[in-house]
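Have a look at the structure below before the remarks.
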Amino acid sequence: MSSLRTHIDQTGARRFGRFTVVGLSSLAVEYVLLIMFVEGWGMNYLLATTTSFLAGVIVNYFLSVRYVFAHRDDISRRREFTIFAVLSAIGLALNGLYMFVGVQLLNMGYQIMKVVSSFFVTWYNYFSRRRFLGSGA
């Protein structure tokens, strides 16, 4: 029984480790685009946040399917992507809310607030995707 629990704990830790690497890769894409949109193109930070978040979600989806969560046999790829998109839309809403509160109400810089927001949205993403999209790869 103890070795089963150890295996389950190690499997969860490996899955979360892969999720972290995938998330950091997606965050890097998102953060670079955010800075480029705001600093380089003069885009409003909320529009830039949304646009860069969507790009990060696309990267995250493909990397997550490949390295983090195994495909569930009981749902089609189309439904799997739909669930991923819905969960990501909720993550986008949370991200936008955190950015607005941090930048507009707390007067934090958008770059710092993006890091804070990403921390909280990462936890939401991991547990919601694990719950609805399946087990580890």
Side-chain angles (χ1 to χ4, degrees):
M1 183 68 163
S2 176
S3 68
L4 177 60
R5 181 175 294 144
T6 300
H7 174 71
I8 291 169
D9 290 346
Q10 289 173 347
T11 302
R14 281 194 301 268
R15 181 185 318 127
F16 189 77
R18 288 190 305 266
F19 180 84
T20 300
V21 170
V22 165
L24 288 172
S25 300
S26 303
L27 178 60
V29 167
E30 185 179 345
Y31 196 80
V32 166
L33 288 175
L34 174 66
I35 301 298
M36 183 181 78
F37 292 154
V38 173
E39 302 296 327
W41 296 3
M43 191 182 284
N44 172 276
Y45 79 93
L46 285 175
L47 179 60
T49 294
T50 301
T51 306
S52 62
F53 186 91
L54 293 173
V57 164
I58 292 167
V59 169
N60 193 285
Y61 175 75
F62 288 108
L63 293 176
S64 289
V65 166
R66 175 85 168 113
Y67 297 109
V68 182
F69 297 111
H71 174 68
R72 286 177 39 177
D73 292 332
D74 61 334
I75 61 174
S76 69
R77 287 283 184 190
R78 184 178 190 165
R79 183 155 190 242
E80 180 180 71
F81 182 78
T82 300
I83 292 168
F84 190 93
V86 168
L87 296 175
S88 295
I90 294 167
L92 174 60
L94 289 171
N95 188 49
L97 176 65
Y98 294 143
M99 291 294 288
F100 176 79
V101 168
V103 174
Q104 292 298 118
L105 302 180
L106 301 176
N107 294 317
M108 295 177 70
Y110 76 92
Q111 302 96 329
I112 296 298
M113 196 57 219
K114 179 61 193 163
V115 173
V116 172
S117 173
S118 295
F119 174 79
F120 289 112
V121 172
T122 295
W123 288 104
Y124 157 77
N125 282 337
Y126 178 72
F127 289 110
S128 66
R129 290 174 186 168
R130 188 173 110 185
R131 165 74 173 93
F132 293 105
L133 291 177
S135 61

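Since we're looking at a predicted model, the values are computed, not measured. By convention here, the first residue in the shown sequence is residue 1.
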Let me confirm one number: the [atom1]-[atom2] distance from [X] to [Y], rounded to the nearest 0.5 Å.
{"X": "Phe120", "Y": "Thr122", "atom1": "CZ", "atom2": "OG1", "answer": "10.5 Å"}
{"X": "Thr50", "Y": "Tyr45", "atom1": "OG1", "atom2": "OH", "answer": "10.5 Å"}
{"X": "Thr49", "Y": "Tyr31", "atom1": "OG1", "atom2": "OH", "answer": "10.5 Å"}

Enumerate donor-acceptor pairs with a distance under 3.5 Å from any side-chain N or O in residues 36-44 to protein atoms, sequence neighbours excluded.
residue: Glu39; atom: OE2; partner: Tyr110; partner atom: OH; Å: 2.6
residue: Asn44; atom: OD1; partner: Leu46; partner atom: N; Å: 2.7
residue: Asn44; atom: OD1; partner: Leu47; partner atom: N; Å: 3.3

Are [X] and [Y] linked, directly or through other ILVMFWY residues, by side chains that come within less than 4.5 angstrom of each other?
{"X": "Met99", "Y": "Trp123", "value": "yes"}
{"X": "Leu54", "Y": "Ile58", "value": "yes"}
{"X": "Val57", "Y": "Leu63", "value": "yes"}
{"X": "Leu24", "Y": "Leu34", "value": "no"}
{"X": "Leu33", "Y": "Val103", "value": "yes"}

Would you give me the side-chain donor-acceptor pairs under 3.5 Å for residues 84-98, sequence neighbours excluded?
residue: Ser88; atom: OG; partner: Phe84; partner atom: O; Å: 2.8
residue: Ser88; atom: OG; partner: Arg129; partner atom: NH2; Å: 3.1
residue: Asn95; atom: OD1; partner: Lys114; partner atom: NZ; Å: 3.1
residue: Asn95; atom: OD1; partner: Ser117; partner atom: OG; Å: 2.5

Taking salt bridge (Lys or Arg N to Asp or Glu O under 4.0 Å) as the cut-off, I'd like each qualifying pair that reaches into [range], sequence neighbours left out, listed once.
{"range": "residues 46-64", "result": "none"}
{"range": "residues 84-93", "result": "none"}
{"range": "residues 94-105", "result": "none"}

For a quick test of reading the model, state the closest non-hydrogen atom pair linking Val22 to Asn60 and the distance between them.
CG1-ND2, 3.9 Å
Within the structure provided, determine whether Ile83 and Glu80 are in side-chain contact (heavy-atom separation under 4.5 Å).
no
Do Tyr67 and Phe62 have side chains that get closer than 4.5 Å, going by heavy atoms?
no
Ring pair (Phe, Tyr, Trp, His ring centres under 6.0 Å) involving Tyr126 - partner list, sequence neighbours excluded:
Phe16, Phe19
